[in-house]
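Encoded as structure tokens, the structure appears first; notes follow it.
So that the names make sense, note that chain A is the first sequence line, chain B the second, and so on, each numbered from 1.
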There are 2 protein chains.
Amino acid sequence: MIALYFKIASFNINSVRARKEMLIQWLGENKPDVVCLQETKVINADFPAACLLEAGYNSLFKGRKSYNGVAILSPHQINPLNSDLGSIAEPDEARLIAAEIKGIPIVNTYIPQGQSPESDKFSYKISWIKALKEYFDSNFKPDEPLLWLGDFNVAPEPEDVHAPKRLLGRVGFHPTEHEALDYVKSWGFKDIFRLHHQSEGGHFTFWDYRVPKALDRNLGWRIDHIWATAPLAKRSTKAWIDIEPRRKVKPSDHTFILAEFNIDS
Amino acid sequence: MIALYFKIASFNINSVRARKEMLIQWLGENKPDVVCLQETKVINADFPAACLLEAGYNSLFKGRKSYNGVAILSPHQINPLNSDLGSIAEPDEARLIAAEIKGIPIVNTYIPQGQSPESDKFSYKISWIKALKEYFDSNFKPDEPLLWLGDFNVAPEPEDVHAPKRLLGRVGFHPTEHEALDYVKSWGFKDIFRLHHQSEGGHFTFWDYRVPKALDRNLGWRIDHIWATAPLAKRSTKAWIDIEPRRKVKPSDHTFILAEFNIDS
DNA sequence: GGGCGGGGCG
DNA sequence: CGCCCCGCCC
């Protein structure tokens, strides 16, 4: 019997309207089973679902005007799951969407950026992250397959930023964020990229537009992630970052992170 | 001896930043000796001179933030001429630029639009037009070669608008504008396009973005012009409007008007 | 730097 | 409709 592979990806698209052509091209070239998008920046009525369907992808999306917005794309059937983080999250923020695809539950999050460690937005970010533990607890089981993908807006380890000493304490690489994320991770997640690239540095998914030549100088952050519970983690065959979309004419500030799983029964 | 042709063009580009790619493509395909641009909408520091030089064109430009802005492009040497309309014109308006190219003096104007016949801007437009007579008088001679190109924001004759009866009295086709323009024309200009298309209607250079399907329904105005003094007018071989750029993906609301002159000595 | 409005303008 | 700007956000 031949192996059955399941290829998934996460991408902060920074406007699905501005980048839908490149998205469709990428889907055609990479043929993933699932793509989780963040910062679609479009209300549901304007989500280019028809366009994506033509390209062979179903979509489940939750958007609002200007900010945030998440979506899950798949050539397979997408069965919506509970996507409500609960009381901690401001309503209609459009930062979390969940679905079951091919029997695998998938949670896609766009964690608040947090602005600066002194701001109210930072404490909101921390509460939002911690609320995820309760969300996972009420909806899933750590000993069953579960995928958590998205823009976490946190680089978990020193290898995940280009200048760990200088950046420690900055938003996105702050002890309080690490603590909050570890708290959720302890529920039962493995970092799938890190699993396949033990203590390797220099692998990033985000380069700030405002840093001159950030990509060429590789002044990036690994803040987009693919995490999974143990039963799926042990079936993961590889994980990688596709940097090419970030080299195109109109790149997002983020790029795609991918992982592949062997899901033979 | 073979004839020596001189091909000139005028184009209201409605932002040279937004349309520099199409401009460069058009220059490559049409290889004019001179192009006069209006509404470049850039300060001098941001004018894409290097870009145009790469495409084989020198440029002389005068711009301001947001509004107006004029430029003269040529593969030949561009010798600046007096570009000051005088006291009537508000300073730094960037509506007039003049140069000598291949021994021919060229004046490029972006005449004020005038808003509505009741507004102060309309009387400013009339004064501005009339001031041109004094400008031509002080700087040039009607019995010597002189080219005047630009967006005049006036359709001179009934054939120059799509609905002369309905539009008579509107800004751009108003008796007061006709009177002012005739006053300047009497200094010594010929309308080179009209010379080659006697009493032909339906030839327009501008279609309002706000009129639905204006181009398809040819609901236009001929408000961009190429005028010349007698010694040049008698050497004009043809004049035409290139409508193709207006059919492209990101058209200006105007298109190119062109003329060719035989300048054998 | 590059998305998103929103308001001014022709 | 499609430029311009500005301010907000990342």
For a 4.5 angstrom cut-off between non-hydrogen side-chain atoms, does W128(B) reach I111(B)? yes

Looking at DNA chain C, which of residues 205-221 of chain A put a heavy atom within less than 4.0 Å of it? Y209(A), R210(A)

Contact between F122(B) and E177(B) at the side-chain level, heavy atoms closer than 4.5 Å - yes or no? yes

Report yes if some heavy atom in the side chain of H162(B) is under 4.5 Å from a heavy atom in the side chain of R217(B); otherwise report no. no

Using the test side chain to side chain donor-acceptor pair (under 3.5 Å), find all partners of Y67(A) that sit at least two apart in sequence or belong to another chain. none

From CD of E39(A) across to C1' of dC4(C) the rounded distance in Å is 10 Å

I'd like to check the side chain to side chain donor-acceptor pair (under 3.5 Å) partners of W207(B); sequence neighbours left out, ordered by chain and number. N218(B)

Who are the salt bridge (Lys or Arg N to Asp or Glu O under 4.0 Å) partners of R19(B), not counting sequence neighbours? none

Within this structure, what is the CZ-to-P distance between R64(A) and dG5(C), rounded to whole angstrom? 11 Å

For D191(A), what residues pass the salt bridge (Lys or Arg N to Asp or Glu O under 4.0 Å) criterion, not counting sequence neighbours? R222(A)

Around atom CD of E54(A), are there more than 12 heavy atoms from other residues, nucleotides or ligands closer than 6.0 Å? no

Figure out the CD/C1' separation between E93(B) and dC9(C), and round it to whole Å. 15 Å

Quickly work out the R246(A) CZ to dG3(C) P distance and round it to whole Å. 11 Å

Decide if the gap between the ring center of W227(B) and the ring center of F152(B) is smaller than 6.0 angstrom. yes

Taking heavy atoms of chain A and a 4.0 Å limit, find me the 5'-most and 3'-most nucleotide of DNA chain D within that range. dC9(D) to dC10(D)

Residues touching DNA chain C, which here means a heavy atom under 4.0 Å, drawn from residues 109-123 of chain B: Q113(B), Q115(B), K121(B)

According to salt bridge (Lys or Arg N to Asp or Glu O under 4.0 Å), who are the partners of R247(B), at least two apart in sequence or on a separate chain? D216(B)

Begin from the C-alpha positions of R194(A) and D160(A) and carry the test salt bridge (charged side-chain N to carboxylate O under 4.0 Å, His left out) through to its verdict. CA-CA 10 Å; R194(A) 192 48 76 206; D160(A) 297 326; 2.5 Å; yes

With sequence neighbours left out, what residues match Y57(A) under ring pair (Phe, Tyr, Trp, His ring centres under 6.0 Å)? none

Presence of K65(A) side-chain N/O under 4.0 Å of dG6(C) phosphate oxygens OP1/OP2: yes

Near-ring test F11(B)/H254(B), centroid separation under 6.0 angstrom: no

Of all of residues 11-30 of chain B, which get a heavy atom below 4.0 angstrom from DNA chain D, listed by number? S15(B), R17(B), A18(B), R19(B)

Interface with DNA chain C, restricted to residues 167-178 of chain A and to heavy atoms under 4.0 Å: none

Are W221(A) and F173(A) near enough that their ring centres are under 6.0 Å apart? no

On DNA chain C, does the nearest nucleotide to D253(A) precede the nearest nucleotide to T40(A) from the 5' side, or the other way round? Give the residue. D253(A)

S10(A) and L258(A), any side-chain heavy atoms less than 4.5 Å apart: no

I'd like to check the salt bridge (Lys or Arg N to Asp or Glu O under 4.0 Å) partners of R210(A); sequence neighbours left out, ordered by chain and number. D208(A)

In this structure, how many angstroms lie between the C1' atom of dG10(C) and the CG atom of D224(B), rounded? 14 Å

